[in-house]
Amino acid sequence: MLSVNETVARMLEELADLEDLRGTRYKPSAYRRAARNIRHTEEPVTNLREEGTLANIEGVGDAIRAKIIEALDTGTMSTLETLREEVPVDITTLKKVRGLGTKSLARLWSELGITTLDELEAAARQGKIGQLDGFGPKTVTGILEQVEHVREAMNRWLLSDLETAAETLQQRLTQAAPIRSITTAGSIRRRCPTAARIHLVAVTKKPEATLDAFTNLAEAHNILDRSPSQATVELVTGTPATLTTTWETHHGGALLDATGAPAHLEDLQAHAQQAGGSLTPQGLEQDGQTHAFTTETSLYEALDLPPIPPELREGNGEVQAAAEGTLPDLVTLSDIRGDLQMHTTYSDGVTDIQAMARKANTLGYDYILITDHGPSLGIANAPSEDELYQQRDEIQEINEEANIDTTVLWGVEANIVPDGLDVPEDMLDEMDLVVASMHDMVDDASDRIEHALEAYPVDILGHPTNRKLNRRKGNRLDLDRIVSIAEREKVALEINAQPKRLDLDWRDAFEHRDRVSFVISTDAHSPGEMEVMRFGVDQARKAWLPKGSILNAHPLEELVTRLGA
DNA sequence: GCCGTTTTCGGCCCGACTGTTTTCAGTCG
Ligand SMILES: [Zn+2]
């Protein structure tokens, strides 16, 4: 289900965590570095192995190369198996408990024998953890809170991962089942940032054989449920996946029903009932008979409505807007003309500026903004001020190259630190555009952001809440206040397109959509990551944003004017 | 375990923040 590179990367990361627990030095960071670079390598390691070029990946030497080959041949690594026995800690789950790192987990394991989330919770409740030196009451209550969050997160998955899994299922079924067509519905079709399940709808004349094929797929780890027209299986990842079968004549109603959201269907039902009808998964009941629909569009039409884009179907007034003819003209991926946040080897990106520029050129972008981290983010190999000036000169040279039409802009992702930004103001003034972001979780985030936006020439507020989906909720912000300041200071809010961020959240963007401008940026750390733009566009659409609200859907001159840069 | 050499060993991203301290260790990015 996962790509081979991702699978290998995760194995190496588990190896790193387990070695960390044993107190091994340096190996963990070597494994993590290799894992990260493998994840950012576009060519599958399977191919590199054939070519004998695995060791060309930074951080991959003889030992790790042998481990990759072993993983490709056997599906695992003997070192990993041995370590799992030696260190029987469910590290993949336990490391999600924020506040507990490998040092603490190693102690909890050796001193209290804790190896699982359940054991951690029990020990915390029984007061055993609070008795250990260095574990105070705040740590214990923090652990109990985190255990709950981790439990919730274990039953939700990122949109990007679910989409990949759903596509695999679609391909398998297209080959293995007598189906006419198959569509991904549910939360994935509505482009929700995370979701609890996969829901597919297949058009077929042979539901029984189709559902048999589905439950027999290699990907179907467990069968959870089965009826004449629907089956649910559990994938290896634990994700439930449902396949609903439908006749071609009833596809519209089935797809609408499987797509939801419940709140949208309720509003639609109320609308149907006003006209004396009633909506069912089969279609529309009216005057004692059921009308079936082959497409959603014809169903909406029967309700006297224009088709409502799946992203909008959340019960946020979209049915009323559709009835009044005031649905927004949503931004699309093809509207995007540039990308305003990305990293290079000047900080924690994996390629140089030129590689990013070439990728942007093939994407047909008018412009990109290079935004390496400001000097304070040590871990990210952040550039000094001298290096940032060097970068300016390098960008100038790339802009003179004839074979790249994309304009490369010089900027920075300045870090919002307690007393402002970590880049001097006169340097920011020289830059084309400035992104400022928080990388810490703090209580006074709103105050810091306010100060940064008012005291420095900031153009874009990057990943405003600093959330990581399924990992942490993000800083609690006074968005009303921040939006007012952004409006006044001509600062755009970023919708970060990284699948693990998608920050600002679409609900917040929706609430403030009429007051402020947005940019959609990939925050790419490799050329390939520039393609996650579509996930950000999805979120903008969920927030009802038209092209006009998205600054990087416009030519550079207009962008610069609207940012007051 | 990787890497780069004044080439086969000795170094290895570093600053902010938090909770627990009584002067700092562990976590996070
Ligand atoms: Zn950032």
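To find a chain, count down the sequence lines: A is the first, B the second, and so on, and within it residues start at 1.
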Query raised in the report: Could you give all pairs that pass the salt bridge (Lys or Arg N to Asp or Glu O under 4.0 Å) test and reach residues 60-72 of chain A, with sequence neighbours left out?
Result: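 For residues 60-72 of chain A: Asp62(A)-Arg65(A).
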Report task. Scan residues 406-419 of chain A for pairs that pass salt bridge (Lys or Arg N to Asp or Glu O under 4.0 Å), counting only residues two or more places apart or in two chains. Result ->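 As it turns out, there is no salt bridge (Lys or Arg N to Asp or Glu O under 4.0 Å) pair with a partner in residues 406-419 of chain A once direct neighbours are skipped.
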Query raised in the report: OP1, OP2 of dG29(B) versus side-chain N and O of Arg472(A): anything below 4.0 Å?
Result: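 Result: yes.
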Distance check needed: [N] [atom2] versus [X] [atom1], whole Å only.
X: His525(A); N: dG29(B); atom1: NE2; atom2: P; result: 13 Å
X: Met77(A); N: dG1(B); atom1: CE; atom2: C1'; result: 13 Å
X: His439(A); N: dC14(B); atom1: NE2; atom2: P; result: 18 Å

Please name the pair of heavy atoms, one in [X] and one in [Y], separated by the smallest distance, quoted to 0.1 Å.
X: Glu450(A); Y: Ile485(A); result: CG-CD1, 3.3 Å
X: Val60(A); Y: Ile68(A); result: CG1-CD1, 4.2 Å
X: Val519(A); Y: Leu340(A); result: CG1-CD1, 3.8 Å

Query raised in the report: Restricting to pairs with a member in residues 20-58 of chain A, which pass ring-ring contact (aromatic ring centres under 6.0 Å, His included), not counting sequence neighbours?
Result: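 Listed by first then second residue: nothing to list.
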Requested in this report: Can you tell me which residue pairs pass the ring-ring contact (aromatic ring centres under 6.0 Å, His included) test with a partner in residues 445-486 of chain A, sequence neighbours excluded?
Outcome: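 The answer is His439(A)-His463(A).
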Write down the distance separating the [atom1] atoms in [N] and [M], rounded off to the nearest Å.
N: dT7(B); M: dC2(B); atom1: C1'; value: 15 Å
N: dT5(B); M: dC13(B); atom1: P; value: 16 Å
N: dC12(B); M: dC17(B); atom1: P; value: 25 Å
N: dG1(B); M: dT6(B); atom1: P; value: 26 Å
N: dT8(B); M: dC3(B); atom1: C1'; value: 11 Å
N: dT21(B); M: dG26(B); atom1: C1'; value: 12 Å
N: dC28(B); M: dT20(B); atom1: P; value: 15 Å
N: dT22(B); M: dG29(B); atom1: P; value: 27 Å

Query raised in the report: Quick one: do Glu13(A) and Arg36(A) make a salt bridge, cutoff under 4.0 Å?
Result: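 A salt bridge is absent here (no side-chain N lies under 4.0 Å from a carboxylate O).
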Requested in this report: Within residues 12-27 of chain A, find the residues that approach DNA chain B with a heavy atom at under 4.0 Å, and present them sorted by residue number.
Outcome: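 Contacting residues: Tyr26(A), Lys27(A).
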Query raised in the report: So is Arg513(A) actually on top of Phe510(A)'s ring, under 6.0 Å and inside 45° of the axis?
Result: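 Judged by the rule, Arg513(A) and Phe510(A) form a cation-pi pair.
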Query raised in the report: When you match Arg501(A) and Lys67(A) each to their closest nucleotide on DNA chain B, which lands nearer the 5' end?
Result: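 Residue closer to the 5' terminus by nearest nucleotide: Lys67(A).
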Query raised in the report: Who pairs with Arg467(A) by side chain to side chain donor-acceptor pair (under 3.5 Å), at least two apart in sequence or on another chain?
Result: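 For Arg467(A) the side chain to side chain donor-acceptor pair (under 3.5 Å) partners, ignoring immediate neighbours, are Asp505(A).
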Report task. Apply side chain to side chain donor-acceptor pair (under 3.5 Å) to Arg515(A) and list each qualifying residue two or more places apart in sequence or on a separate chain. Result ->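 Arg515(A): side chain to side chain donor-acceptor pair (under 3.5 Å) contacts with Asp480(A), Ser484(A).
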Protein-nucleotides 2-4 of chain B N/O pairs under 3.5 Å:
{"from": "dC2(B)", "atom 1": "OP1", "to": "Gly61(A)", "atom 2": "N", "distance (Å)": "2.7"}
{"from": "dC2(B)", "atom 1": "OP1", "to": "Gly61(A)", "atom 2": "O", "distance (Å)": "3.4"}
{"from": "dC2(B)", "atom 1": "OP1", "to": "Ile64(A)", "atom 2": "N", "distance (Å)": "3.1"}
{"from": "dC3(B)", "atom 1": "OP1", "to": "Gly59(A)", "atom 2": "N", "distance (Å)": "2.9"}

Report task. Please say which of Arg541(A), Arg534(A), Arg191(A) ends up in a salt bridge (charged side-chain N to carboxylate O under 4.0 Å, His left out) with Glu311(A). Result ->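 Among Arg541(A), Arg534(A), Arg191(A), the one that satisfies the salt bridge (charged side-chain N to carboxylate O under 4.0 Å, His left out) with Glu311(A) is Arg541(A).
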Report task. Write down the partner of dT8(B) under the Watson-Crick or G-U wobble criteria, each distance required to be under 3.5 Å. Result ->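 Checking every strand shown, dT8(B) finds no partner, since no pair has both distances under 3.5 Å.
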Query raised in the report: What residues form a salt bridge (charged side-chain N to carboxylate O under 4.0 Å, His left out) with Arg125(A), not counting sequence neighbours?
Result: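 By the salt bridge (charged side-chain N to carboxylate O under 4.0 Å, His left out) rule, Arg125(A) matches Glu121(A).
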Between protein and nucleotides 16-20 of chain B, what N or O pairs are separated by less than 3.5 Å?
{"from": "dC17(B)", "atom 1": "OP1", "to": "Arg448(A)", "atom 2": "NH1", "distance (Å)": "2.6"}
{"from": "dC17(B)", "atom 1": "OP1", "to": "Arg448(A)", "atom 2": "NH2", "distance (Å)": "2.7"}
{"from": "dG19(B)", "atom 1": "O3'", "to": "Thr139(A)", "atom 2": "OG1", "distance (Å)": "3.1"}
{"from": "dT20(B)", "atom 1": "OP1", "to": "Gly136(A)", "atom 2": "N", "distance (Å)": "2.7"}
{"from": "dT20(B)", "atom 1": "OP1", "to": "Gly136(A)", "atom 2": "O", "distance (Å)": "2.9"}
{"from": "dT20(B)", "atom 1": "OP1", "to": "Pro137(A)", "atom 2": "N", "distance (Å)": "3.4"}
{"from": "dT20(B)", "atom 1": "OP1", "to": "Lys138(A)", "atom 2": "N", "distance (Å)": "3.4"}
{"from": "dT20(B)", "atom 1": "OP1", "to": "Thr139(A)", "atom 2": "N", "distance (Å)": "3.1"}
{"from": "dT20(B)", "atom 1": "OP1", "to": "Thr139(A)", "atom 2": "OG1", "distance (Å)": "2.9"}

Please tabulate, for the side chains in residues 127-135 of chain A, all donor-acceptor contacts under 3.5 angstrom to protein atoms that are two or more places apart in sequence or on a different chain.
{"from": "Lys128(A)", "atom 1": "NZ", "to": "Gln126(A)", "atom 2": "OE1", "distance (Å)": "3.1"}

Can you give me the N/O atom pairs linking the protein to nucleotides 25-27 of chain B at distances under 3.5 Å, or say none if there are none?
{"from": "dG26(B)", "atom 1": "O3'", "to": "Ser104(A)", "atom 2": "OG", "distance (Å)": "3.2"}
{"from": "dT27(B)", "atom 1": "OP1", "to": "Gly101(A)", "atom 2": "N", "distance (Å)": "2.6"}
{"from": "dT27(B)", "atom 1": "OP1", "to": "Gly101(A)", "atom 2": "O", "distance (Å)": "3.0"}
{"from": "dT27(B)", "atom 1": "OP1", "to": "Ser104(A)", "atom 2": "N", "distance (Å)": "2.8"}
{"from": "dT27(B)", "atom 1": "OP1", "to": "Ser104(A)", "atom 2": "OG", "distance (Å)": "2.6"}
{"from": "dT27(B)", "atom 1": "OP2", "to": "Lys103(A)", "atom 2": "N", "distance (Å)": "3.2"}
{"from": "dT27(B)", "atom 1": "O5'", "to": "Gly101(A)", "atom 2": "N", "distance (Å)": "3.3"}

